[in-house]
There are 4 protein chains.
Amino acid sequence: MSAPAIEDPVFTLSCGPVEVYPAVLRALSKPVLYHYDPAFLAFYEKVNEKAKAALRLSNAPVILQGEPVLGLEAAAASLIARDDVVLNLASGVYGKLFAFWAARYAREVIELEVPFNEAIDPAAVEAAFKARPDIRVVSLVHHDTPSATINPLAEIGRIVAAHGAYMLVDAVSSFGGMDVHPEPTHSDLFVTGPNKCLGGSPGLTLLGVSERAWAKMEANPDAPRASILSILDWKEAWRSDRGYPFTPSVSEIYGLDAALDLYLAEGPERVWARHDLTARAFRAGVVAMGLDLWAASEAVASPTATAVRIPDGIDDGELRRAIRGRYGVMISAGMRETAGKLVRLGHMGPTARPLHAVIGLTALGGAFRAIGQKVDIGAGTEAAMAVIDAAM
Amino acid sequence: MSAPAIEDPVFTLSCGPVEVYPAVLRALSKPVLYHYDPAFLAFYEKVNEKAKAALRLSNAPVILQGEPVLGLEAAAASLIARDDVVLNLASGVYGKLFAFWAARYAREVIELEVPFNEAIDPAAVEAAFKARPDIRVVSLVHHDTPSATINPLAEIGRIVAAHGAYMLVDAVSSFGGMDVHPEPTHSDLFVTGPNKCLGGSPGLTLLGVSERAWAKMEANPDAPRASILSILDWKEAWRSDRGYPFTPSVSEIYGLDAALDLYLAEGPERVWARHDLTARAFRAGVVAMGLDLWAASEAVASPTATAVRIPDGIDDGELRRAIRGRYGVMISAGMRETAGKLVRLGHMGPTARPLHAVIGLTALGGAFRAIGQKVDIGAGTEAAMAVIDAAM
Amino acid sequence: MSAPAIEDPVFTLSCGPVEVYPAVLRALSKPVLYHYDPAFLAFYEKVNEKAKAALRLSNAPVILQGEPVLGLEAAAASLIARDDVVLNLASGVYGKLFAFWAARYAREVIELEVPFNEAIDPAAVEAAFKARPDIRVVSLVHHDTPSATINPLAEIGRIVAAHGAYMLVDAVSSFGGMDVHPEPTHSDLFVTGPNKCLGGSPGLTLLGVSERAWAKMEANPDAPRASILSILDWKEAWRSDRGYPFTPSVSEIYGLDAALDLYLAEGPERVWARHDLTARAFRAGVVAMGLDLWAASEAVASPTATAVRIPDGIDDGELRRAIRGRYGVMISAGMRETAGKLVRLGHMGPTARPLHAVIGLTALGGAFRAIGQKVDIGAGTEAAMAVIDAAM
Amino acid sequence: MSAPAIEDPVFTLSCGPVEVYPAVLRALSKPVLYHYDPAFLAFYEKVNEKAKAALRLSNAPVILQGEPVLGLEAAAASLIARDDVVLNLASGVYGKLFAFWAARYAREVIELEVPFNEAIDPAAVEAAFKARPDIRVVSLVHHDTPSATINPLAEIGRIVAAHGAYMLVDAVSSFGGMDVHPEPTHSDLFVTGPNKCLGGSPGLTLLGVSERAWAKMEANPDAPRASILSILDWKEAWRSDRGYPFTPSVSEIYGLDAALDLYLAEGPERVWARHDLTARAFRAGVVAMGLDLWAASEAVASPTATAVRIPDGIDDGELRRAIRGRYGVMISAGMRETAGKLVRLGHMGPTARPLHAVIGLTALGGAFRAIGQKVDIGAGTEAAMAVIDAAM
């Protein structure tokens, strides 16, 4: 007799791919059309209009046919010219990793790093420009997911713009879950995607590109063309009277369309509010249970994910196996520098609902107990409920 | 009052993306799992096993997270080293285009081109090696879709192998619709995908990589790493105890799994037979209607698509608008060198059924008549039925 | 090795259940809500409004939770009181069968029968009233599907109304495919459903009930109450502030909603036109192939299905097995009195598209040939195309 | 600006229709086949085999094309003959209601009623037979959902069998969630359905019919025939070489098939265990929160639903609106005699997972607090977790 297959999880509280809204799942199952079918051409143009509305852009967005890691690599390859000096701001693992791509294309990469449970100080960015007025591109991860911390993008963007430099932003896991958009933050290349707070499926990138970023990329002789890495090739692909550089991922486009419909219909402000509430309730519960948050302060804690510090002597793998095995709850681990030091629970899209904080807390608490760590689940639940009920 | 939306087509007889099997559509709507969920890790490994079975490989295949254009660019970037001499075989638009990518990475690209309605002659390949024994990589499009013609891959592969060179093959629109697999054809890098004859959705690449191709790529210092273009990064990603370079397109993987299940359950030989029968019936009907095939001979005509020559004085755009507008049938145009000279109908996946030849013929015939070209639809239908019924 | 499973058909050209529109299939997969969830209550009310619009009613329709056979039995049980004299008009198998139910509830059933390839003559109805002024209920099958013939409902309804009697109509397989609605036809109980020309799934009944029919049923002490057969119990169930007699078929309601959306968005007149065109093309093709229509004249032939007479010496089972086995086309047989004498092809919902006439003709022609009957498929196709092209 | 639509619930913890497994939703979207298509005929036979396996029957089950209310009415109409004396056992609202149907068909109905928070005592059944040896049919609701209490079916069934009477059982909301099957309980007509513990959609009835029940129904001249209420008509409908009395609800059959697959693959014993655990955790939490269970004792409390007594002075409608409005959790109210006195939460199918007890408890606790009732949510959560963790 064969071993039973691994059961599907009951709740996916990871940091992405997250659970997908049912309407997105249904959209993914729409009949696949030929991408040059007039019905698809018109549809693709409409999806771009919805993405433009969601991103609150004054020009057209770009959809790239790969998950946001493609978008980030393409952004580095396209925007950073061989003579550019890049200031890479690193407050976490993803920020740190971006330096690798920046270095592939830049003349020089200057790193500004803070401990991975803190946020970048805008004053330090200002100081960096003073020291190196030749900085041309500043790269920042808005929500560094492996730390679940948020950087002050708007303030940094203002400084970057004041110095005439270009702001390249990874907003993959914050956009859609909080009030962050390219133009108010002076982001020249704003990279996000459907598979985090929009509750869509992984496989596409959404880009906001400022007009000056388009000009810079067009002037960059090394910017990819005739390549999966090309942003320029897709500039006009949204127009139903133009062609595509290659076949778009038709089914994923259907899913994106549904995710954008849900987001715009519910109302962005309402969506952000439930992300924030879920995260605040969860953090209150974590503390009340007797555990520590990874983030150095509430001020830097993300509204779309929470990192919980692993107490000394606890094996995070054992903890995660317990939570998955006992309660069917899937969460995320740390990565690289944060590996073993924290676990992360996402509050994104369909899981950004207050009671999901309670699910996360009781599962986490039960798993800690199962591996020998005392926690006060009752207090944790009460603290979370107090936050939730105060908001009603 | 707003204009009515463009109606969906009734039949998609394009050359891809093609109509997708209903079971694939349902699979695309499965709940999205976190890619490190143990259930997904186990699932991903199984999908790779099915792909291995379908490709009839002795080693593991690679799934890349983008449609086969990514696979082709990645193949060029990974396999072709800066000192390599590449022999690019061009019997059509796609073959011709590949030289562009080959030239990006190779020391020199030698082109062997034939008219775009003919196939490469293996003797010419043999002659090329005689002239240039330093050829290291030979690139070939097995089914050059914009011409709907097939090249003699097995014969060419034997020659390439005999000379110790590497065979890089685009089998995107032939694999799954006829008897073509990497190993019997000595293909070192065999690029295909789910969105043609497997009747899946566009968004993934399937690669067959020979052990010597792995060795060559690993020895190539310029082969992409930490990039969407990296094949090497994904070498072991199929193993449930390894990580992924980045998030796979979870929903597309579900779709691929379903497409492979259908293919293996129906039986590859039976699937190929209905592709072949549909194409033969369609070609017989085209000729009987009084039209000309693009392919110079039956021997080079593809079993998975057919190109029909546009008579002088006929505008192919008008023809395609007539067929879509009158009958709701979506077909493909020519491209670049073949643009305006032909139209193409796919016989792929769910449309590789004999009566779809009749649908294509009557729609094509009706559209020709509508724009003033005489055709004998009755004779075309009878000829197609004769081919079909002879096979029963 | 086990026998291969029976393959799914490629085309379902039956007379119902018919192929279902893809959007209906997706709607069927919406998450099931508790029927008293406020979101479902509001949704159910909206579905009823759409059904009211589609049926062009001035009062609310009724949705019964079972396919139209339930609706017909419920109609007989509710409307026909024990003292009633019923005139049952039988131009086909379904009309004939209804007498059985009528007899279960009526004091007396008078039958007016015509050959099953003809239609009821309104003059005969007028004559019946002259002979028996005590007729209280007249029952008619508008489209007697086993004959694929249409009765002159509007004319008969006018006569019935003039005599103050009640008109009970089975419009199951005509509504949605042609211009037939309860009120213009003086239908007091109009029974239809989503699984024919609306292209929905089987499992629900739609009823149009005139105010005088409500009054008659309410006055009927034997009209079912607290029963699956009760129409009265569901009278106000559409109101979101009322309860349901029992749990509605939530998923089917989702499917009905989608089917109504499609019907209203495409425009009923356009939907009817493509039903009519498909049927006319098919009939022209049948005759040109050298076969006979079952209907005595074009005037009585249905625009939503066609019955083809089986020539002497041909076994209809053999024919249907050939068409299903060779071409994957599923069609319908005759029933009872028409069994063995005809086969039927539906032109309903998603199959009411002109090229489906060609599919039906070539498949039918090929199958006839396969069992030894000569037919001219080329001529049939040309005749169908001529009808289609004349309409463009 | 229009009011926002009512948002869908986040969790449906009602007593049915319950949340449906995702695989069932996907199955509901399979292409609709003609019911006489050979592929559907074979499929329908297989579904019946799976239902037979799940019900652990030695003969074929029956699928009726309507939700179990149809099954119950049909059972009464078919099994109860006009000369029969029926003993109706009423421990709740549904049991009480069944007497209405029984009386429609029986010569006499004897009622044995207990308070609606208790269970029937088998000794009382034995006593009833002593008093009235002419009892021919005994009717029992196994799980009287409006009370969330379970009756001792096996013991009662043994008594009924010993007296040669017929046992008619409503097991709609217990089958699939606990160890209850027709044959070990001597149930002659066992009525259940897919839309409770099997996690399927509402619209079908599953019947287990003993051979002696078949004989009794066949001997009953009043048993419905040619009616939606007929069980006899469907006796052989499972056979692929027989016809259907009318069109089955094709999509619902697909859903049932998927629900049965899930049930059999997970293993019935494991499914029952998680129903039981969820219910026990929830009950422990309710008590620890300071609330009262409706059930008079743990022994009669259902493993598939829990009724919580409404404290004096609390309006249950206000409570349910608070739980739905604040937390997006949909629960069930009481009915008739239990209306206003209790609320009910289901633990059925996909919601029979331990953490769903926590969701229910915190939502219920928060809603009670919101309307002014003190409860100890922390203690409730801890008590539930203690039960859950003890089972791991």
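Excluded from the calculations below are hydrogen atoms, water molecules and symmetry mates; all remaining heavy atoms, backbone and side chain alike, are included. Throughout, a chain's letter reflects where its sequence line sits, starting with A, and its residues are numbered from 1.
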*asked:* So for atom NZ, which belongs to K50(A), do other residues, nucleotides or ligands contribute more than 12 heavy atoms lying within a distance under 6.0 Å?
replied: yes
*Top residue by heavy-atom pair count (under 4.5 Å) with chain A, among G66(B), P38(B), S201(B)?*
P38(B)
*Side chain, backbone, both or neither: which part of F43(B) has a non-hydrogen atom closer than 4.5 Å to chain A?*
neither
*Is it the backbone or the side chain of E252(B) that comes under 4.5 Å from a heavy atom of chain A, or both, or neither?*
both
_Reported CG-to-CD distance for the pair L33(B) and E19(A), which is rounded to 0.5 angstrom_ = 9.5 Å
*asked:* What part of R320(A) gets within 4.5 angstrom of chain B, counting heavy atoms only: side chain, backbone, both, or neither?
replied: neither
*Most chain A-contacting option - heavy-atom pairs closer than 4.5 Å, from P68(B), A39(B), A42(B), P17(B)*: P17(B)
Could you tabulate the donor-acceptor pairs under 3.5 Å formed by side-chain atoms of residues 6-13 of chain B, not counting sequence neighbours?
{"from": "E7(B)", "atom 1": "OE2", "to": "R270(C)", "atom 2": "NH2", "distance (Å)": "2.4"}

*More than 12 heavy atoms from other groups under 6.0 Å of CZ on R239(A)*: yes
*Non-hydrogen atoms of chain A under 4.5 Å away: do they reach the side chain of A77(B), the backbone, both or neither?*
neither
*asked:* Report which part of A27(A) has an atom under 4.5 Å of a heavy atom belonging to chain B: side chain, backbone, both, or neither.
replied: neither
*Shortest non-hydrogen contact from V32(A) to V18(B)?*
CG1-O, 3.8 Å
_Among the listed options L97(A), D37(A), L204(A), the residue most often paired with chain B at heavy-atom distances under 4.5 Å_ = D37(A)
*Counting only heavy atoms not in R336(A), do more than 12 fall under 6.0 Å of its CZ?*
no
*With chain B, which of N195(A), L28(A), L41(A) has the greatest number of heavy-atom pairs at distances under 4.5 Å?*
L28(A)
_Could you report the tightest heavy-atom contact between A226(A) and F100(B), atom names first, then the distance?_
CB-CE2, 3.4 Å
_Contact leader toward chain A among S29(B), S249(B), C15(B), where contacts are heavy-atom pairs under 4.5 Å_ = S29(B)
_Run the side-chain contact (heavy atoms from CB on, under 4.5 Å) test on I228(A) and L229(B) for me, step by step, so that the C-alpha distance in whole Å, both residues' side-chain angles and the decisive distance to 0.1 Å come before the verdict._
CA-CA 8 Å; I228(A) 185 95; L229(B) 285 169; 3.5 Å; yes
*Heavy-atom proximity to chain A below 4.5 Å, by part of I331(B)*: backbone
_Partner chain A: residue of G203(B), G346(B), A333(B), P202(B) with the largest heavy-atom pair count (under 4.5 Å)_ = P202(B)
*Hey, which of P248(B), S227(B), S251(B) has the most heavy atom pairs under 4.5 Å with chain A?*
S227(B)
_For the backbone of F246(B) and the side chain of E67(A), can you confirm whether one donor and one acceptor N or O come within less than 3.5 Å of each other?_
no
*Could you look at P245(A) and say if it's the side chain, the backbone, both or neither that has a heavy atom under 4.5 Å from chain B?*
neither
*Just give me the residue among R26(B), R324(B), R104(B) that pairs up with chain A most often, heavy atom to heavy atom, under 4.5 Å.*
R324(B)
*Which pair of heavy atoms, one from K30(A) and one from L25(B), lies closest together, and at what distance?*
O-CD2, 3.4 Å
*Does any heavy atom of chain A fall under 4.5 Å from the side chain of R321(B), the backbone, both, or neither of them?*
neither
_Is V250(B) close to chain A through its backbone or its side chain, or both, or neither, when contacts mean heavy atoms under 4.5 Å?_
both
*asked:* On a heavy-atom basis, which atom in Y34(A) and which in G16(B) lie closest, and how many Å separate them?
replied: CE1-O, 3.2 Å
_Which atoms of V24(B) approach chain A - backbone, side chain, both or neither, heavy atom under 4.5 Å_ = neither
